[in-house]
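Shown next, in structure tokens, is the structure this report addresses.
Being a predicted model, the structure only gives us computed values, none of them experimental. Because only heavy atoms are used, hydrogens play no part in the values below, and waters and symmetry mates are left out as well, while side chains stay in. Here, residue 1 is the first one in the sequence, and each next residue gets the next number.
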Amino acid sequence: VNQQGDPASGGAGIGQGDNLSNVTQNGASTASVNQLANNPTDGFASNDSLILQNGDGSAADVSQTGDNNDSDVVQGARNDAVVSQNGDENISIVNQAADNDADVNQQGNLNSSDVQQSGDFLRASVDQIGDENESTITQTRRGGNAHVDQLGFSGKSDIQQIGENSSVGNSDNAAGLRQLAGSTNADSTIIQGGRRNSADVEQGGDLNSSLIRQNTAFLRSDFDSLNSANVDQLGDRNLSEIRQGEGDVDSAPPPSSGNIANVMQTGDDNQSFVDQSGMNNTANVTQSSNANLSTVTQGGTGNTATVNQ
């Protein structure tokens, strides 16, 4: 634990150098905390770090530079968490159960990140540069992989993956939900709850919004489903909503199998809605001019829809 600030020490329970660090570990765990406070607060904690680890070689690395930053890392067994916050009033919460890997990097002010993972090597990477960004990643069990980049004011990203074999931009894909290019108020929500889902969203410009839902209901283990959605919005005030295979599945056929949807909107004030619940359907939507509306609904087998506006 390395803490620097002014004054050099505080009272009991207050911290040192205007920083406060609490570390509780069991079972060969390792923790590293580095905190640097820029402005004196008369001994009251500026940066606050909490690490709770339980067993089997979990590791946590927390670095905070600035003032009024808060980091909480709670881990079970065999987890790895790296948190880096540079700026003021950033908040990071990482809660992991077993065999998870989380990397949170926040550069700016008033950013917030909440990562919760359950088990079997779920991975999450959050990189927020700028001010007032929000990111929430919740992965429950098996195969989840999420990557988030955000830049700008009030950029918000909410990723939930509950089920098996989900992916939102893997470690080899740098565009696994990116809201960059000076984005402001970009809002993207991805909810996946089926088998072998994949989503890739990149937004630039102002006031863009994207919602992707894929196989959010329970799927029987013998059902085979493969969804893929790609959204690229580079204009202003664009809206894209993709829903593939939603429904309560038990004895009925799977709501979606092998569907692919691609949406690209480079103009302004465009709206695109794609809903595919059949099998082996493909939808491609490109809107490069302004104020366009596209609605694609496919529920059969082997359908292909192409929209160019």
Side-chain angles (χ1 to χ4, degrees), residues 1 21-33 48-64 69-85 90-106 111-128 134-149 156-173 176-177 189-199 212-221:
V1 177
S21 175
N22 290 310
V23 177
T24 301
Q25 298 184 132
N26 291 316
S29 297
T30 60
S32 175
V33 178
D48 191 347
S49 173
L50 172 65
I51 297 176
L52 301 176
Q53 297 187 135
N54 184 13
D56 292 342
S58 291
D61 189 341
V62 177
S63 176
Q64 297 189 133
N69 294 307
D70 192 352
S71 172
D72 291 346
V73 176
V74 179
Q75 299 183 317
R78 301 175 301 278
N79 294 301
D80 190 0
V82 177
V83 177
S84 177
Q85 298 190 135
N90 295 306
I91 299 176
S92 173
I93 300 175
V94 177
N95 188 349
Q96 300 180 318
D99 300 298
N100 295 305
D101 189 354
D103 190 343
V104 177
N105 181 20
Q106 299 191 133
N111 293 307
S112 177
S113 173
D114 184 357
V115 177
Q116 300 182 22
Q117 300 180 321
S118 178
D120 294 337
F121 201 60
L122 299 172
R123 296 165 300 280
S125 178
V126 178
D127 192 350
Q128 299 189 140
E134 296 182 21
S135 174
T136 300
I137 296 177
T138 301
Q139 299 177 327
T140 300
R141 187 171 179 82
R142 287 187 182 272
N145 185 3
H147 177 89
V148 177
D149 280 338
K156 180 180 180 181
S157 171
D158 185 359
I159 297 176
Q160 300 182 41
Q161 296 182 326
I162 301 175
E164 298 182 2
N165 303 322
S166 298
S167 178
V168 181
N170 56 37
S171 59
D172 296 329
N173 187 355
L177 200 160
T189 300
I190 296 177
I191 301 174
Q192 297 180 322
R195 295 177 59 84
R196 292 181 290 181
N197 298 309
S198 179
I212 297 177
R213 299 173 61 99
Q214 297 180 322
N215 280 14
T216 58
F218 168 78
L219 293 179
R220 242 173 40 191
S221 61

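Take Gln128 and apply the side chain to side chain donor-acceptor pair (under 3.5 Å) test, not counting sequence neighbours, and it matches Gln106. In this view, Ser32 and Asn34, Asp61 satisfy the side chain to side chain contact (heavy atoms under 4.5 Å, CB included) rule, not counting sequence neighbours. When the side chain to side chain contact (heavy atoms under 4.5 Å, CB included) test is applied to Ser29, the partners found at least two apart in sequence or on another chain are Gln25, Gln53, Ser58. Remark: Asp158 pairs with Thr136, Gln160, Thr189 by the side chain to side chain contact (heavy atoms under 4.5 Å, CB included) rule, at least two apart or across chains. In this structure, the side chain to side chain donor-acceptor pair (under 3.5 Å) partners of Asp56, at least two apart in sequence or on a different chain, are Arg78. For Asn22, the side chain to side chain contact (heavy atoms under 4.5 Å, CB included) criterion is met by Leu20, Leu50, not counting sequence neighbours. By the side chain to side chain donor-acceptor pair (under 3.5 Å) test, Gln75 pairs with Gln96, sequence neighbours left out.
Annotation for Leu122 and Gln139: closest pair CD1-O, 3.4 Å, computed over non-hydrogen atoms. Heavy atoms only, all atoms of each residue included: Gln85 and Asn69 are closest at NE2-CB, 3.8 Å. Residues Ile137 and Ser125 approach most closely at CD1-O, 4.5 Å, considering heavy atoms.
Put simply, CG on Asp114 and CD1 on Ile93 are 5.0 Å apart, with the number rounded to the nearest 0.5 Å. Atoms CD1 and OG, on Ile51 and Ser71 in that order, are 7.0 Å from each other to the nearest 0.5 Å. Here the straight-line distance linking atom CG of Leu52 with atom CG of Asn26 works out to 10.0 Å at 0.5 Å rounding. The CG atom of Asp127 lies 4.5 Å from the CG atom of Asn105; values are rounded to the nearest 0.5 Å. In this structure, the separation between CG on Asp48 and CD on Gln64 is 7.5 Å, given to the nearest 0.5 Å. Interatomic distance, Asn100 CG to Ser118 OG, rounded to the nearest 0.5 Å: 7.0 Å.
Using a 4.5 Å heavy-atom threshold, the side chains of Ser21 and Val23 count as touching. Looking at heavy atoms from C-beta onward, Ser84 lies out of side-chain contact with Val82 at the 4.5 angstrom threshold.
The backbone N or O of Asn111 sits less than 3.5 Å from a side-chain atom of Asn90, completing a donor-acceptor pair. With Asn79 contributing its side chain and Ala97 its backbone, the two residues share a donor-acceptor pair below 3.5 Å.
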